Amino acid sequence: MDIGVDMRERRAMTLEELPIAFENSYAESLEGFYVPTAGDRAPAPSFVYFGDSLAAELGLNAAVVKSDAGARLLSGGYVPKGAKPLAMAYAGHQFGGFSPQLGDGRALLLGELIDIHGGRRDVHLKGSGKTPFSRGGDGKAALGPVLREVIFGEAMHAFGIPTTRALAAVATGETVDRIDDLPGAVLVRVAASHLRVGTFQYFAAQGDTARVRQLADYAISRHFPELVAGSDKYLLFLRAVVDHQAALIAQWMLVGFIHGVMNTDNMTISGETIDYGPCAFMDAYDSATVFSSIDRQGRYAYGNQPAMARWNIARLAETLLPLLGGTEEEAIARATAEIDRFTSVFDEAWLAQMRAKLGISGAEPGDLALANDLLALLQEQSIDFTRFFRALYAEAAGKATVPFLFAAQEGIAAWLGRWSKRRENAEREALPRMAAVNPVYVPRNHLVEEAIAAAVAGDFAPFHTLIDLLRAPFDARDGFDRYAFGAPQSFYPYRTFCGT
Ligand code: AMP
Ligand code: MG
């Protein structure tokens, strides 16, 4: 039995060898929201990364999928039996300006798998070749940005932050033409879904309310099935997206993550982090930090992320207005109330997580000021965000470590006094919780660049070492001190680029 459309592959690839049971709910429920597309054949596909634990979660037999046939299949040029690969259509606001048609220009949705917990997960390829949405692009991806997505996805997952993750990275054996010739690769990305705010904007911009309703119904049944039968389900859907996104952005902020390109086409409905392009972790705390080379106005600076997420939610709400019932005025009033909730939900999530980072229990009126005064100190003295909180954990455990991070002692000494007093009635669990929410290791910019440069030159050892550490980011490991520090000053200024 052949699994693909290519009869030449009949002997090499059999269904028994690759028992991947793709489902196609998106293709079957959302006609018009995609174009059926197959990827290009990679000349020499081979795995350079394979996520064994994610494969197991997806119910895949890693030993079987990690084969030559698997690499061919997951690089995009073959249509697996039962699959209906497609390029998804979406629009989006990019840096505030609206593009009515973006879509998967170098990606395709291979199909969906039901994971071992019963959840539906998309298997999506990035860099698999041109699609009807490619515009001037070549549809390809370079190895470096693909590995970058692998690293960041694994790290975010290990922090407990909702994220897309890489099932695999496949080197194609092809050269892609960027400023230099670069080795090409395909990222095999897994997500709860690839529905974006921009997916809603696509038909909303055409005034096609029936299609928007169809998409909302699909999104609700896939992500918020508890809302399917209720009245007011579209308003409650908007509320659920607000809840998920506000919680997500709070988590980003508290690990010092900067997404870099929070366009509406890069914001999911599921509440997962998606599209790791020019993203980076902040070393020294500064709310104005921007790394992306194209973000010249600082629109997506670290400190702007909650406001930008809220702005994106407002764009989602606009698409849903015709579904909310009542007069337009009434619909706007109801949607606005939900958008406004973003701020309070975010603030509450942020403070709750900040309390855990500070090792304090319960809620007291002075907590927000305690947190904000600390951030002002970190900013004033350019203190490394990740190292500070880990040092604070050591401090709470009885080792005086925090003062060594500061050149000027006065401010931090006074703050530590307030913090110690606030911790007096802390529960016993507050200390181990501090260790579980304040990572030792984050994907440090210089280490990410070092690992990628080595891999592109053929040495994958630093990449694997980094991934290994980031999989257990809360456990300090002997001999890996270097990985816990920020980049030397000489590394900056640092610029990141969209993964094209
Ligand atoms: P991104 O910056 O990855 O979020 O992509 C923004 C838009 O540009 C999406 O529609 C992508 O599909 C498209 N795009 C990015 N890179 C390429 C490429 N190399 N070829 C074709 N389309 C691309
Ligand atoms: Mg994108």
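Counting starts at 1 for both ligands and their atoms, following the listed order. Predicted model only: the values in this text are computed from it and were never measured.
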Do [X] side-chain atoms and [Y] backbone N/O form a donor-acceptor pair below 3.5 Å?
X	Y	answer
Q245	T268	yes
R148	P278	no
D115	G119	yes

* Asked: If you measure from atom 7 (C) of ligand 1 to every heavy atom of R135, R106, K140, which option wins on shortest distance?
  -> R135
* May I ask you to check whether T163 and Y276 show a side-chain donor-acceptor distance below 3.5 Å? => yes
* S193 and Y26 side chains, donor-acceptor separation under 3.5 Å -> no
With atoms numbered from 1 as shown, which atoms in ligand 1 lie under 4.0 angstrom from a non-hydrogen atom of [X]?
X	answer
G137	20 (N), 21 (C)
D104	12 (O)
D275	4 (O)
G103	9 (C), 10 (O), 11 (C), 12 (O)

* Out of curiosity, L58 CG to E112 CD, how far, rounded to the nearest 0.5 Å? -> 12.5 Å
* To do: Hey, could you give me the CG/CE distance between L102 and M88, rounded to the nearest 0.5 Å?
  => 13.5 Å
Ligand 1 versus [X]: contacting region, heavy-atom distance under 4.0 Å:
X	answer
Y90	side chain
L102	both
R196	neither

* Results of side-chain hydrogen bond (donor to acceptor under 3.5 Å, both in side chains) for Q353 - residues two or more places apart only -> none
* **Check against salt bridge (Lys or Arg N to Asp or Glu O under 4.0 Å), D340 and R310** => CA-CA 8 Å; D340 287 345; R310 186 191 143 122; 2.9 Å; yes
* **Geometric cation-pi criterion, R41 with Y78: 6.0 Å, 45°** => yes
Can you tell me if [X] has a non-hydrogen atom under 4.0 Å from ligand 1?
X	result
G277	no
R178	yes
K130	no

* Would you mind telling me which of H93, R315, R196 makes a side-chain hydrogen bond (donor to acceptor under 3.5 Å, both in side chains) with Q201? => H93
* What pairs of residues pass the side-chain hydrogen bond (donor to acceptor under 3.5 Å, both in side chains) test when at least one of them lies in residues 458-470, not counting sequence neighbours? -> none
Ligand 1 to [X] polar contact by distance, N or O atoms, under 3.5 Å:
X	value
N266	yes
D138	yes
G105	yes
G139	yes
F133	no

* Sort by chain and number the protein N/O/S atoms that are closer than 2.8 Å to the Mg ion (ligand 2), and list them. => N266 OD1, D275 OD2
* Asked: How would you list, by chain and number, every residue that makes a side-chain contact (heavy atoms from CB on, under 4.5 Å) with T175, sequence neighbours excluded?
  -> D181
* Ion pair present between D40 and R106, side-chain N to carboxylate O less than 4.0 angstrom? -> no
